[in-house]
Protein chains: 2
Amino acid sequence: MDPKETILITAMKLFGQKGFEGTSVREIAKDAGVNLAMISYYFGSKENLFENVVEYKSSGIKGVFAELENSAIPQIEKIYKIIDSYIERMFSNPQFHHLLHRELSLDQRPQMHDAITEILLRNVVTIKAIIQKGIDTSQFKTVDTELTIATLIGTINHLLISEAMCRKLLHKSKDFNPFQSKKLKERLSEHLKQLMRSHLLKNSKPQKSKKNL
Amino acid sequence: MDPKETILITAMKLFGQKGFEGTSVREIAKDAGVNLAMISYYFGSKENLFENVVEYKSSGIKGVFAELENSAIPQIEKIYKIIDSYIERMFSNPQFHHLLHRELSLDQRPQMHDAITEILLRNVVTIKAIIQKGIDTSQFKTVDTELTIATLIGTINHLLISEAMCRKLLHKSKDFNPFQSKKLKERLSEHLKQLMRSHLLKNSKPQKSKKNL
DNA sequence: AAAAATTAATTAAACGTTTGTTTAATTTCA
DNA sequence: TGAAATTAAACAAACGTTTAATTAATTTTT
C-alpha cells in the first residue's frame with residue numbers, strides 16, 4: 001500500500017489514542033512499518049503530518065444535508081434524518097472526533113482551530129435554515145435554533161467522550177462496547193427524535209414507540 | 001503561599017491549557033516560581049502531580065443535589081435548579097473540564113478513568129431519581145432518563161469545548177468571550193429549561209418568556 | 001533562654017532517555 | 001544514467017528524575 005497513506009492512517013490512529021504530544025514519530029513509523037526518516041521525507045514535520053491527518057480524514061465528510069434543505073417532506077422529518085446521519089457519522093469514528101475535540105480544547109496549535117471548527121460546524125448553516133423554515137411555516141415553535149443544534153450534537157458527543165463514562169452513565173458492564181453497539185445508536189436516535197418532537201412541534205402528542213405495539 | 005498549593009494551581013492551569021504531555025515539569029516549576037526539584041520532592045513524579053491536581057480540584061465539587069431530592073417543590077423546578085447549578089459550575093472552570101474530558105478520551109493513563117468518571121457523574125444518581133420520581137408521580141412523561149441527563153450535560157459541554165467553536169456556532173465576533181458571558185449563561189439556562197419543560201411535562205404549553213411582558 | 005542536634009526545605013547540577021529532525025549513503029525503479 | 005525512495009546513523013535539544021550540597025526551620029538538650 002502507498003506508504004504515505006499508511007503513515008496517515010497510522011498517525012490518525014495513534015494521535016487519536018494517545019494525543020499529539022503523547023505520540024512519537026518513532027512510534028508512528030514503527031507501527032506503520034516504514035523507516036523513521038520517511039515521515040520527514042513525506043510530511044516535513046510532525047506538526048505538518050498532523051495537519052495532513054485532519055485534512056485527509058475530513059475530506060470524506062461532505063455536506064449531505066444540502067439536498068435535504070429544499071426537499072418537500074415535513075421539516076421534522078428532515079430533523080430525523082439529520083439526527084440519524086449525525087449519529088451514524090460520529091459513531092463510525094469516535095477516535096477522530098476525540099482528536100478534533102481534544103485539539104480544540106488545547107492552546108497548543110491555535111492555527112488549527114479554524115480548520116477544525118469548520119469541519120465540526122460544516123452542516124450547521126443548513127440545520128439552522130431547516131429549523132428556521134419550520135418556525136416560519138408555523139410547523140415549529142419559536143426556539144433558540146443555535147442552542148438546539150448544540151443540544152443535538154452535544155447529546156451525541158457526550159456519549160462518545162469515553163467508553164468508561166458511557167458505560168457508567170448507562171449502568172452497563174465492562175463487556176458492553178458502547179461505540180459499536182447498534183442498540184445504543186437506536187436508543188439514542190429514539191431519544192433525540194422524541195426530544196425534538198416535544199421541543200419543536202406545536203401539537204406534540206407523546207408519540208409512543210414500540211412498547212405498545 | 002504554600003509552595004505545594006502553588007504548584008498544584010500552576011499545574012492545573014498549564015495541564016488545562018496545554019495537556020499533560022504538552023506541559024513540562026520545568027515549565028510548571030518556572031511558572032510557579034519554585035525550583036524544579038521541588039516537584040519531585042513534593043509529588044514524586046509528574047504523573048502523581050497530575051493525579052493530585054485532579055483530586056485537589058475535584059474535592060470542591062460536592063453533591064449539592066442530595067438535599068434537593070426530598071424537597072417539596074415540583075419536580076420540574078428541581079430540574080431548573082440542576083440546570084442552573086450545572087451551568088454555573090461548568091462555566092466557572094472550563095479549563096478543568098477540558099482537562100477531565102481530554103484525559104478520558106486518551107488511552108494514556110486508564111487508571112485515572114474511574115476517578116474522573118466518578119467526578120463527572122457524581123450527581124447523576126440524584127438527577128435520575130428526580131426524573132424517575134417525576135415519572136412515577138405522573139408529573140413527567142415517560143422518557144429515557146439516562147439519555148435525558150446526557151442531553152443536559154452534553155448541551156452545556158458542547159458550548160464549552162472551545163471558545164472558537166462557541167463563537168462560530170453563535171455567530172459572534174472575536175471580542176466575544178463566551179466563557180465569561182453572563183448573557184450566554186442566561187440564554188443557555190432559558191433554552192435548557194424550555195427544552196426540559198417540553199420534554200418532561202405532560203401539558204407543556206409553550207411558556208413564553210420575557211418577550212411578552 | 002541559648003546552644004546543639006535533627007529534620008525539613010530548597011538549590012544547582014548532572015543523570016540517562018527520548019524527542020523531532022537531518023545527514024549521507026544506499027537501494028529501487030524507470 | 002538519474003531521479004526517487006529508503007535506510008541506518010547521528011544530531012542537538014528537551015525530557016523526567018536524581019543527586020549531593022546547602023540553607024531554613026524545628027526540636028532537643030543543657
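By convention in this document, chain letters (A, B, ...) are assigned in the order of the sequence lines, proteins followed by strands, and residues within each chain are numbered from 1.
Between the side chains of A:His101 and B:Ser105, no donor-acceptor pair of N or O atoms lies under 3.5 Å. At a cut-off of 3.5 Å, with distance as the only test, a side-chain donor of A:Ser189 or A:Lys193 sits close to an acceptor on the other residue. No side-chain donor from either of A:Ser162 and B:His113 sits under 3.5 Å from a side-chain acceptor of the other. Side chain to side chain, B:Thr151 and A:His191 meet the donor-acceptor criterion of an N or O pair below 3.5 Å.
More than 12 heavy atoms of other residues, nucleotides or ligands shown are found within 6.0 angstrom of CD on A:Glu77.
When DNA chain D is scanned in the 5' to 3' direction for atoms under 4.0 Å from non-hydrogen atoms of chain A, the outermost contacting nucleotides are D:dA4 to D:dA10.
Ring-plane geometry between B:Phe179 and B:Phe91 is classed as perpendicular, the angle between the planes exceeding 60 degrees on a 0 to 90 degree scale with a lower cut at 30.
Applying a 4.0 Å cut-off to non-hydrogen atoms, the residues of residues 34-43 of chain B that approach DNA chain D are B:Leu36, B:Ala37, B:Ser40, listed by residue number.
In this structure, the side chains of B:His171 and A:Glu146 come closer than 4.5 Å at one or more pairs of heavy atoms.
As a whole-Å value, the separation of B:Glu21 CD from C:dT19 C1' is 13 Å. Rounded to whole Å, atom C1' of C:dT19 lies 14 Å from atom NZ of A:Lys18. At whole-Å resolution of the value, NZ in A:Lys46 and P in C:dG20 are 4 Å apart. With rounding to whole Å, A:Phe15 atom CZ is found 12 Å from C:dG20 atom C1'.
The minimum heavy-atom distance between B:Leu169 and A:Leu121, with the atom names listed, is N-CD1, 3.8 Å.
Toward the 5′ end of DNA chain C lies the nearest nucleotide of B:Arg26, the other residue of the pair A:Arg26 and B:Arg26 mapping further downstream.
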